[in-house]
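Data first, discussion second: the structure below is written as structure tokens.
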Amino acid sequence: DSGVTQTPKHLITATGQRVTLRCSPRSGDLSVYWYQQSLDQGLQFLIQYYNGEERAKGNILERFSAQQFPDLHSELNLSSLELGDSALYFCASSVAGGSEQFFGPGTRLTVL
Amino acid sequence: AQSVTQPDIHITVSEGASLELRCNYSYGATPYLFWYVQSPGQGLQLLLKYFSGDTLVQGIKGFEAEFKRSQSSFNLRKPSVHWSDAAEYFCAVVITSGTYKYIFGTGTRLKVLA
């Protein structure tokens with residue numbers, strides 16, 4: 001158990017819908033990272049937050065957004081969902097930039 | 001541009017055989033280096049890390065990795081593979097360019113034959 005929790009574990013929704021994925025980092029970790037993992041694209045970095053502020057952006061679509069709250073949990077919002085958004089979404093946390101990341105178990109999103 | 005290359009997409013070894021998974025990076029300085037393992041349907045778990053110092057690092061589950069600056073490599077090794085090692089392995093680097101940037105390789109899927 002990495003100490004990073006993600007909810008829900010599975011999510012099935014329809015095209016055009018909006019979903020929110022939630023992540024609670026390890027106790028004491030200030031950085032949260034979001035990744036998308038699909039069979040054809042591999043592990044793709046989406047976005048990083050540090051202590052509530054956005055720090056880095058990767059291959060995140062404009063339909064996707066994220067935020068980190070004062071209690072350090074983070075949410076990833078996916079809107080206008082398309083079939084191609086079906087993937088595993090991982091959250092990871094680290095105590096500081098540059099240190100190892102600890103990954104949550106992931107949320108499997110299926111868009112029908 | 002900075003990148004991480006894992007040249008082997010799939011590797012198959014027999015149980016008890018030795019294992020080496022390759023990782024090369026492209027970066028002008030020495031990055032921080034990590035190996036992660038992902039079992040099916042699971043998140044990534046840290047196997048080992050290199051920040052500085054001794055270039056041979058020991059990790060969990062009997063894995064080790066050696067940093068070779070001249071080859072820009074950080075290969076993962078295990079002397080005797082167990083069936084439970086079947087998983088996907090990711091090499092990752094962290095570079096500093098104003099902020100810390102994490103770059104993951106595309107992964108190597110390990111299959112272990114009984």
Side-chain angles (χ1 to χ4, degrees), chain A residues 1-10 21 23-26 29-51 53-60 87-110, chain B residues 1-10 23 25 27 29-52 57-61 63 65 67 74 76 87-109:
Chain A
D1 184 356
S2 67
V4 178
T5 61
Q6 289 186 249
T7 57
K9 191 170 184 178
H10 300 278
L21 312 183
C23 168
S24 292
R26 288 189 326 152
D29 285 358
L30 299 178
S31 279
V32 169
Y33 310 80
W34 286 98
Y35 292 87
Q36 179 193 59
Q37 187 179 40
S38 59
L39 283 175
D40 56 342
Q41 294 288 325
L43 190 67
Q44 298 285 317
F45 167 66
L46 296 178
I47 197 164
Q48 177 201 354
Y49 279 83
Y50 178 81
N51 204 20
E53 293 188 5
E54 182 185 304
R55 273 296 172 93
K57 257 186 177 180
N59 302 322
I60 188 166
L88 262 173
Y89 291 84
F90 287 107
C91 167
S93 72
S94 68
V95 63
S99 58
E100 61 267 37
Q101 295 182 17
F102 293 87
F103 282 76
T107 293
R108 181 171 292 281
L109 173 66
T110 302
Chain B
Q2 302 95 1
S3 64
V4 176
T5 302
Q6 292 182 247
D8 305 304
I9 298 175
H10 298 278
C23 173
Y25 64 89
Y27 180 52
T30 299
Y32 301 154
L33 297 154
F34 306 89
W35 273 100
Y36 288 85
V37 60
Q38 183 182 27
S39 298
Q42 305 293 316
L44 279 70
Q45 180 185 19
L46 180 71
L47 282 175
L48 46 78
K49 61 188 178 186
Y50 174 80
F51 287 171
S52 64
V57 294
Q58 302 296 320
I60 62 171
K61 305 186 181 188
F63 285 93
F67 168 59
F74 189 56
L76 182 72
E88 188 152 22
Y89 293 80
F90 292 91
C91 178
V93 305
V94 176
I95 61 174
T96 306
S97 57
T99 183
Y100 291 101
K101 182 178 177 182
Y102 291 78
I103 306 173
F104 281 80
T106 51
T108 297
R109 187 169 296 276

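Below, chain A is the first sequence line, B the second, and so on; all start at residue 1.
- For a residue to count as touching a neighbouring chain, one of its non-hydrogen atoms must lie under 4.5 Å from one of that chain's; by this rule A:Ser94 touches chain B with the side chain only.
- Within the 4.5 angstrom heavy-atom criterion, no atom of B:Gln45 approaches chain A.
- For A:Ala92, no part sits under 4.5 Å from any heavy atom of chain B, backbone or side chain.
- By number of non-hydrogen pairs under 4.5 angstrom with chain A, the leading residue of B:Tyr102, B:Phe51, B:Phe104, B:Tyr32 is B:Tyr102.
- Using a 4.5 Å cut-off between heavy atoms, A:Gln37 contacts chain B through its side chain alone, with no backbone atom that close.
- Atom CD1 of B:Ile9 has 12 or fewer heavy atoms from other residues, nucleotides or ligands within 6.0 Å.
- Across all their heavy atoms, A:Pro8 and A:Thr107 have their closest contact at O-OG1, 2.5 Å.
- Proximity to chain A involves both the backbone and the side chain of B:Leu44, based on heavy atoms less than 4.5 angstrom apart.
- In this structure, B:Thr108 contributes its side chain and B:Asp8 its backbone to a donor-acceptor pair below 3.5 Å.
- Aromatic ring orientation, A:Tyr35 versus A:Phe103: tilted (interplanar angle from 30° to 60°).
- With a 4.5 Å cut-off on non-hydrogen atoms, A:Tyr50 does not touch chain B at all.
- Looking only at heavy-atom pairs under 4.5 Å with chain B, the residue among A:Gln48, A:Gln101, A:Arg55 that has the most is A:Gln101.
- With sequence neighbours excluded, the residues forming a side-chain hydrogen bond (donor to acceptor under 3.5 Å, both in side chains) with A:Arg26 are A:Asp29, listed by chain and number.
- Every residue two or more places apart in sequence or in another chain that forms a side-chain hydrogen bond (donor to acceptor under 3.5 Å, both in side chains) with A:Trp34 is listed here: A:Ser74.
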